[in-house]
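This report refers to the structure that appears directly beneath it.
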Number of protein chains: 2
Amino acid sequence: MVKLDPPQREWVEAIGLFLERSGFPPSSARIYGLLLMSAEPELSFEDLVATLGFGKAAVSTGLRRLQETNRVSERTRPGERRRYFRARLGPDAGVDRFRAFNSALCDLLERGIALRGSRADAEITADLEASVRFLRFLDVELGGLRARWEANGDG
Amino acid sequence: MVKLDPPQREWVEAIGLFLERSGFPPSSARIYGLLLMSAEPELSFEDLVATLGFGKAAVSTGLRRLQETNRVSERTRPGERRRYFRARLGPDAGVDRFRAFNSALCDLLERGIALRGSRADAEITADLEASVRFLRFLDVELGGLRARWEANGDG
DNA sequence: TAGTTTGTTCGTATGGTTCCGAACCAAACA
DNA sequence: TGTTTGGTTCGGAACCATACGAACAAACTA
């Protein structure tokens, strides 16, 4: 059981809603929020159940999703069977997903352009081509950005 | 009714699924896909209903959502009551949403850092601070990117 | 006025997601 | 071997979003 002020509880809820909008199920989102807000860097399964008020099932599947997407790591302490969970914070995750998304979109748009053929309206085709060019530009630049940030040694 | 090859139909479905994953309801996603694939740059309400196989209700609400988010424009032709719908393709929409998302996340993380206070685990706090710094850097750079692209006159 | 066209809105139904409680399993220990 | 602890998986219930059909509205025609 984790001690949290009311504002801290509200924050967990707020970031929970936020993560939900980016595709996480509610249980995963609250778990991640709690791991970020807790004064302790690691929490046990039981801590999560007791503090969040979710059933064990929800916490179990919520954790699984978080681990599948590399958002949470898990370890055990010597002599204890219990596992402890910790939030993993990589600033790049969002960018990576964004780039992957754009890349997939780009491929799709190119296939679309090809399928439209030459008899189709030229303006829409031109718009699609402009989108593809921009997405390619964006991908290259985002790659450079990442390199630049890491070179600065601040991440 | 719009004539589409089977591969073209599949493409509409594919980009439909793709847009669904970025938050669009299924009907909106298919409508937008069809508007992009159709040889005609504009389609009527009836075209959408007949080609997609959705009911009128679904097309109506699907279109509303697309218009609310500026993804589709509508016009009438002189002497016709019917309305014609056209896809609007802005390459920036994705970037804007990404930046808005990051900005909101950044604010949230800063509030989180403040709420954690000084008694909380320092490593997690430091990770949060690094995330904030990176997000700020990213936002600035993305702004610059946009400007650079538009200056090149290729969008 | 009566009828046709062009959509919109409402009530209901359906599909998919997520939750809970319970049953279950695996590991440690008596 | 039996018991406790730590966690997973299953079945059913609840919820939310969305689709359909039908009723409705608005605009034009005859």
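- B:T125 and B:R116 form a side-chain donor-acceptor contact under 3.5 Å, judged by distance and modelled atom types alone.
- No more than 12 heavy atoms of other residues, nucleotides or ligands lie within 6.0 Å of CZ in B:R119, so this atom counts as exposed by the packing criterion.
- Contacts of B:G53 with the nucleic acid, taken as non-hydrogen atoms under 4.0 Å apart, involve only primed sugar atoms and P, OP1 or OP2.
- Between B:F134 and A:W149, the ring planes lie perpendicular to each other; the angle is over 60°, past the 30° to 60° tilted range.
- Rounded to an integer number of Å, the gap from CD of A:E68 to P of D:dT8 is 12 Å.
- For B:E80 and C:dT4, the CD to C1' distance is 15 Å, given to the nearest whole Å.
- Distance CG (A:L48) to C1' (D:dT8): 15 Å, rounded to an integer number of Å.
- Straight-line distance from the CZ atom of A:R77 to the C1' atom of D:dT5: 17 Å, rounded to whole Å.
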Base, backbone or nothing for each nucleotide of nucleotides 7-15 of chain C, written B, S, -, heavy atoms under 4.0 angstrom, 5' to 3'? BBB------
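- What separates CG of A:D47 from P of D:dT5 is a distance of 16 Å, to the nearest Å.
- Residues B:R99 and B:L138 form no side-chain contact, since every pair of their non-hydrogen atoms from C-beta on lies 4.5 Å or further apart.
- Note: CG (B:L66) to P (D:dT18) measures 12 Å, nearest angstrom.
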Return a table of donor-acceptor pairs under 3.5 angstrom between the side chains of residues 21-29 of chain B and protein atoms on other chains or two or more places apart.
from  : atom 1 : to    : atom 2 : distance (Å)
B:S22 : OG     : B:L19 : O      : 3.0
B:S28 : OG     : B:G62 : O      : 2.9

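- Within a 6.0 Å sphere centred on CZ of A:R65, other residues, nucleotides and ligands contribute 12 heavy atoms or fewer.
- D:dG7 atom C1' lies 10 Å from atom CD of A:E74, rounded to whole Å.
- The CG-C1' distance, from A:L43 to D:dG6, rounds to 16 Å in whole Å.
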